[in-house]
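All residue numbers in this chain count up from 1 along the given sequence.
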Amino acid sequence: MKILIINGILYTSETDAIPHVKTIKDTMIYGMCLGFQLLGHSVTLAALEDYRPTEKEQYDFEVIFFKSDYKKVCKPSVLPYSSEMKRFLKKHNSDFDIVISSEVFQFQSLYAARICPQKTIIWQELTAHQSKFHKIPSKLWYNVVARLFMRNVRCVVPRSRKAYDFVRQFMPHVTATIIDHGINIDKFKYSSEKKRQIISSSQLIYRKNVDGIIRKFAKFHKIKGYEDIRLIIAGRGEEENNLKALTAELGLQDYVDFVGFLPQAKLNECIRNSYAFLVNTRKDLNMVSIPEAIVSGTPILTNLQPASADYITANSLGIAKDNWDERDMKAIIDDNMRFVKNCVAYREKLTNVFSAKLFIDEFQNKK
């Protein structure tokens, strides 16, 4: 089959200014496209020119970048509009068997819903109304635009149970099947043997709330029998100096290792050798680092903000709860063998091929 995946926003920007990156091959959607290709399908990824990498790349499939318009109003980091993408879809929609577009609240999904509804699957990540301008644009879109002009799409596929509960209020044909981003697990070795360490890997920015992890670790460090366990912090960002100062203030400098940005192979080694992967994010819904840790055989300790919290709990892949603390860190280490065994058993369900196959099955079931 020929599949068009429309994902204008390739990665999250902290501000309206989109950061420049050297490659898009490490994005979630690129890995997802590879899953369809590995199943033998022909894939085209449609994205915005604003997210084109700074260095030339050779891609495994066709990637088309489209210019965005009206950038002051339709910000490319939030709600981009591209007349060029719309014209492409009008001209070439007959070339594709399936069109997968990210998010109901996006112009790209509206184009697809109007131009080729019976070929269109909308892949929903958002679990609540966007907060900008007191949620008014989001509420108008879901209650008016989506209800009137997007209801005839083939189906809406949620990326989490929270997304399902939210979007089914506004759209018919929402599938009960949850499809998360799949990853290429061939790049990730796993291990059941652990070193006396736990790990956090993310950008060192306010949204990731790494300072909260350090404060929790400080209390954990005082538990008798666990004083020798180290906290590995991987990543770079504007909060790095503040986090190092906090570590010194708490007297943890001999037990917290800031290792900076690590290439994927080295990061995988650090993760698979750790008792747990720690998440304390303030905003993120989908974090590729979570499935990458699970396929490495490392359980997750997370708050309930990430969408993956649902399947972590359902499959005992770690502990997911708001306001987790030092007692949960101790619990995930004490019961580590069971959690690790569950993570290794769950590996195949996190592959990009598994996720791609679920999309094909849903499309064929909705005839």
We want to know whether E57 and T23 form a side-chain donor-acceptor pair, criterion being a heavy-atom distance below 3.5 angstrom.
yes
Can you check side-chain contact (heavy atoms from CB on, under 4.5 Å) on V43 and I5, steps first, answer last?
CA-CA 7 Å; V43 183; I5 298 181; 4.2 Å; yes
Answer yes or no: is there an ion pair linking D310 with R161, defined by an N-O contact shorter than 4.0 Å?
no
Is it the case that R114 places NZ or CZ above or below the six-membered ring of F149, under 6.0 angstrom from the centre and within 45 degrees of the axis?
no
Can you say whether the rings of W123 and H181 are parallel (under 30°), tilted (30 to 60°) or perpendicular (over 60°)?
tilted
Search all heavy atoms of G297 against all heavy atoms of V344 and return the closest pair with its distance.
CA-CG2, 4.2 Å
Using modelled atom types and a 3.5 Å cut-off, is there a donor and acceptor pairing between side-chain atoms of R236 and backbone atoms of S202?
no
Check the side chains of K194 and T298 for a donor-acceptor pair under 3.5 angstrom, ignoring hydrogens and angles.
yes
Tell me yes or no: between the side chains of T281 and N209, is some donor less than 3.5 Å from an acceptor?
no
Count I, L, V, M, F, W, Y as connected when their side-chain heavy atoms are under 4.5 Å apart, and connections chain through other members. Are L285 and L10 then in the same cluster?
yes
Just one of I360, N352, V353 clears the side chain to side chain contact (heavy atoms under 4.5 Å, CB included) bar with F36, so which one?
I360
Is there a donor-acceptor pair under 3.5 Å between the side chain of D257 and the backbone N or O of V259?
no
Aromatic ring proximity, centroids under 6.0 angstrom, Y51 and F65:
no
Quick one: do R52 and E49 satisfy salt bridge (charged side-chain N to carboxylate O under 4.0 Å, His left out)? Show the steps, please.
CA-CA 5 Å; R52 185 189 289 270; E49 182 72 33; 2.7 Å; yes
Nearest non-hydrogen partners of S68 and P76, listed with the distance
OG-CG, 3.7 Å
Among side-chain atoms of R159 and S102, is any donor-acceptor pair under 3.5 angstrom?
yes
Under 3.5 Å side-chain donor-acceptor pair for Q197 and S274
yes
Is a side-chain donor-acceptor pair under 3.5 Å present for E62 with T44?
yes
Would you call D328 and K321 a salt bridge, using N to O less than 4.0 angstrom?
yes
Heavy atoms only: give me the nearest N336-I332 pair and the separation to one decimal.
ND2-O, 3.1 Å
If you count every heavy atom of other residues, nucleotides or ligands that lies below 6.0 Å from H20 atom NE2, does the total exceed 12?
no
Any link between F277 and F217 through a network of hydrophobic side chains (Ile, Leu, Val, Met, Phe, Trp, Tyr) touching at under 4.5 Å?
no
So which heavy atom on K90 is nearest to which on I115, and how close?
CG-CD1, 3.4 Å
Do D325 side-chain atoms and R327 backbone N/O form a donor-acceptor pair below 3.5 Å?
yes
Is a salt bridge present between K330 and D334, judged by a nitrogen-to-oxygen distance below 4.0 Å?
yes
Okay, side chain of N7, backbone of L45: is any donor-acceptor separation there less than 3.5 Å?
no
Are the side chain of T27 and the backbone N or O of I24 linked by a donor-acceptor pair below 3.5 Å?
yes
Parallel, tilted or perpendicular: rings of Y255 and H221 (30°, 60°)
tilted
Donor-acceptor check, side chain of E326 to backbone of K216, threshold 3.5 angstrom: yes or no?
no
Tell me, with the steps shown, if K2 and D97 meet salt bridge (charged side-chain N to carboxylate O under 4.0 Å, His left out).
CA-CA 5 Å; K2 292 185 177 181; D97 300 299; over 6 Å; no
Using the six-membered ring wherever Trp is involved, compare the ring planes of Y111 and Y81 and label them parallel, tilted or perpendicular (cut-offs 30° and 60°).
perpendicular
Do the rings of W141 and F105 sit parallel, tilted or perpendicular, given the 30° and 60° boundaries?
tilted
Is it the case that more than 12 heavy atoms not belonging to K25 sit under 6.0 Å from its NZ atom?
yes
Quick one: do L79 and M85 end up in the same hydrophobic cluster if we chain Ile, Leu, Val, Met, Phe, Trp and Tyr together by side-chain heavy atoms under 4.5 Å apart?
yes
With a 6.0 Å cut-off (strictly less than), is the heavy-atom count around OH of Y59, excluding the residue itself, greater than 12?
yes
Run D211 and I213 through side-chain contact (heavy atoms from CB on, under 4.5 Å) and show every step you take.
CA-CA 5 Å; D211 58 317; I213 290 176; over 6 Å; no
Which pair of non-hydrogen atoms, one from V78 and one from I9, has the smallest distance, and what is that distance?
O-CD1, 3.6 Å
Checking Y11 side chain against P19 main chain: does a donor-acceptor pair fall under 3.5 Å?
yes
Report whether L262 and I290 are members of the same hydrophobic cluster (ILVMFWY, side-chain heavy atoms less than 4.5 Å apart, transitive linking).
yes
Side-chain contact, heavy-atom cut-off 4.5 Å: M32 with S355?
yes
Whether R338 and D335 form a salt bridge (side-chain N of Lys/Arg under 4.0 Å from carboxylate O of Asp/Glu) is what I want to check.
yes
Heavy-atom closest contact (R154 atom, Q118 atom, distance):
NH1-O, 2.8 Å
Does Q108 reach the main-chain N or O of Q106 with its side chain, forming a donor-acceptor pair under 3.5 Å?
no
Looking at the rings of Y30 and F61, which for Trp means the six-membered one, are their centres under 6.0 Å apart?
yes
What verdict does the side-chain contact (heavy atoms from CB on, under 4.5 Å) test give for V295 and C343, after you've listed the backbone C-alpha separation in whole Å, the side-chain angles of each residue and the deciding distance to 0.1 Å?
CA-CA 6 Å; V295 301; C343 288; over 6 Å; no
Under 6.0 Å from the six-membered ring centre of Y190 and within 45° of its axis: does the NZ or CZ of R347 meet both?
no
Set out, in order, the CA-CA distance, both residues' side-chain angles and the distance that settles side-chain contact (heavy atoms from CB on, under 4.5 Å) for K357 and L39, then state yes or no.
CA-CA 8 Å; K357 187 177 184 305; L39 283 175; 4.1 Å; yes
Kindly determine whether K71 and D50 satisfy salt bridge (charged side-chain N to carboxylate O under 4.0 Å, His left out), including the steps that lead there.
CA-CA 10 Å; K71 293 185 181 183; D50 307 77; 3.0 Å; yes
Do the ring centers of F170 and H129 come within less than 6.0 Å of each other?
yes
Decide salt bridge (charged side-chain N to carboxylate O under 4.0 Å, His left out) for E240 and K244; before the verdict, give the C-alpha distance in whole Å, the side-chain angles of both, and the deciding distance to 0.1 Å.
CA-CA 6 Å; E240 182 171 350; K244 288 180 177 178; 3.1 Å; yes
Determine whether the aromatic ring centres of Y275 and F339 lie less than 6.0 Å apart.
no
Within the side chain of E103, is there an N or O that forms a donor-acceptor pair under 3.5 Å with the backbone of E125?
yes
Please tell me if the side chains of I121 and V99 come closer than 4.5 Å, counting only heavy atoms from C-beta onward.
no
Can you tell me if Q37 uses its side chain to pair, donor with acceptor, with the backbone of D60 under 3.5 Å?
yes
Examine L4 and L48 and state if one hydrophobic cluster contains both, with Ile, Leu, Val, Met, Phe, Trp and Tyr joined whenever side-chain heavy atoms are less than 4.5 Å apart.
yes
Is the Y142-F166 ring centre distance short of 6.0 angstrom?
yes
Distance-only donor-acceptor check, side chains T177 and E362, under 3.5 Å
yes
I'd like to know whether CG of D322 has more than 12 heavy-atom contacts from other residues, nucleotides or ligands below 6.0 angstrom.
yes
